[in-house]
Engineer: 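Before anything else, here's the structure in question.
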Amino acid sequence: MSIEELEKVKFKFHSHMSMEDEHTTTYFSEDGKIGFCNHVPFKNGEPHGRSYRHYWLNGKVYKSKKKFLEAIKDFNP
């Protein structure tokens, strides 16, 4: 899959989890094969620090965009 094809994938909200120290929002493609999670650290009820994103492809988590983009090159939807 090319980056251009990835940009055309539509993602849907899947879930949100609020914990004392972090909030996480998850999105998946319509077929459920590709997804990502946005993580926002919290402290004293306020966003604190830098947010980050994890990517998901066929059940495997990628913690960097670079590794995810390498893996998706071999992916055929």
Side-chain angles (χ1 to χ4, degrees):
M1 174 181 274
S2 68
I3 293 174
E4 291 80 19
E5 290 173 317
L6 177 62
E7 290 173 349
K8 293 178 183 177
V9 173
K10 294 185 181 188
F11 290 94
K12 293 177 16 178
F13 171 82
H14 181 262
S15 64
H16 178 83
M17 181 170 50
S18 297
M19 299 173 283
E20 186 176 330
D21 61 344
E22 183 175 272
H23 289 194
T24 303
T25 307
T26 306
Y27 299 88
F28 283 115
S29 60
E30 292 181 355
D31 62 5
K33 294 180 180 178
I34 305 171
F36 61 92
C37 298
N38 292 327
H39 301 270
V40 181
F42 267 69
K43 186 174 183 179
N44 298 323
E46 298 286 330
H48 179 77
R50 186 174 174 198
S51 62
Y52 57 97
R53 179 178 280 184
H54 288 159
Y55 302 88
W56 190 86
L57 178 63
N58 280 337
K60 184 169 181 182
V61 175
Y62 296 89
K63 294 187 177 184
S64 75
K65 187 174 186 176
K66 180 181 176 183
K67 294 282 185 185
F68 174 70
L69 291 176
E70 288 173 11
I72 206 147
K73 286 180 184 177
D74 300 327
F75 177 70
N76 292 316

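Heavy atoms only: backbone and side chains are in, while hydrogens, waters and symmetry mates are out. Only a predicted model underlies this, so the values are computations on that prediction, with no experimental measurement involved. Residues take their numbers from the sequence shown, with the count starting at 1.
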Engineer: What residue among Phe28, Tyr27, Tyr62 forms ring pair (Phe, Tyr, Trp, His ring centres under 6.0 Å) with Trp56?
Structural biologist: Phe28
Engineer: To the nearest 0.5 angstrom, please state how far the NZ atom of Lys67 sits from the OH atom of Tyr55.
Structural biologist: 14.5 Å
Engineer: Would Thr25 and His23 count as a side-chain hydrogen bond (donor to acceptor under 3.5 Å, both in side chains) here? Give the steps.
Structural biologist: CA-CA 7 Å; Thr25 307; His23 289 194; over 6 Å; no
Engineer: Under 3.5 Å, which donor-acceptor pairs link side chains of residues 35-46 to any protein atom two or more places apart or in another chain?
Structural biologist:
unit_1	atom_1	unit_2	atom_2	d
Asn38	OD1	Arg53	NE	2.7
Asn38	OD1	Arg53	NH2	3.2
His39	ND1	Glu22	OE2	3.2
His39	ND1	Thr24	OG1	3.2
His39	NE2	His54	ND1	3.4

Engineer: Within this structure, what is the CD-NZ distance for the pair Glu5 and Lys73, rounded to the nearest 0.5 Å?
Structural biologist: 13.0 Å
Engineer: Quick check: is Phe13 connected to Val9 through a chain of hydrophobic side chains (ILVMFWY, heavy atoms under 4.5 Å apart)?
Structural biologist: yes
Engineer: Quick one, Met1 and Asp74 - any side-chain contact, counting heavy atoms below 4.5 Å?
Structural biologist: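 When only atoms from C-beta onward are counted, Asp74 and Met1 do not touch, as no gap falls below 4.5 Å.
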Engineer: What pairs with Ser15 under side-chain contact (heavy atoms from CB on, under 4.5 Å), at least two apart in sequence or on another chain?
Structural biologist: Thr26
Engineer: According to a hydrophobic-cluster definition based on side-chain heavy atoms being under 4.5 Å apart (Ile, Leu, Val, Met, Phe, Trp, Tyr only), do Tyr52 and Phe68 belong together?
Structural biologist: no
Engineer: What closest approach, in Å, do Leu57 and Ile34 show between heavy atoms, and which atom pair accounts for it?
Structural biologist: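 Closest approach of Leu57 to Ile34, heavy atoms only: CD1-CG1, 3.8 Å.
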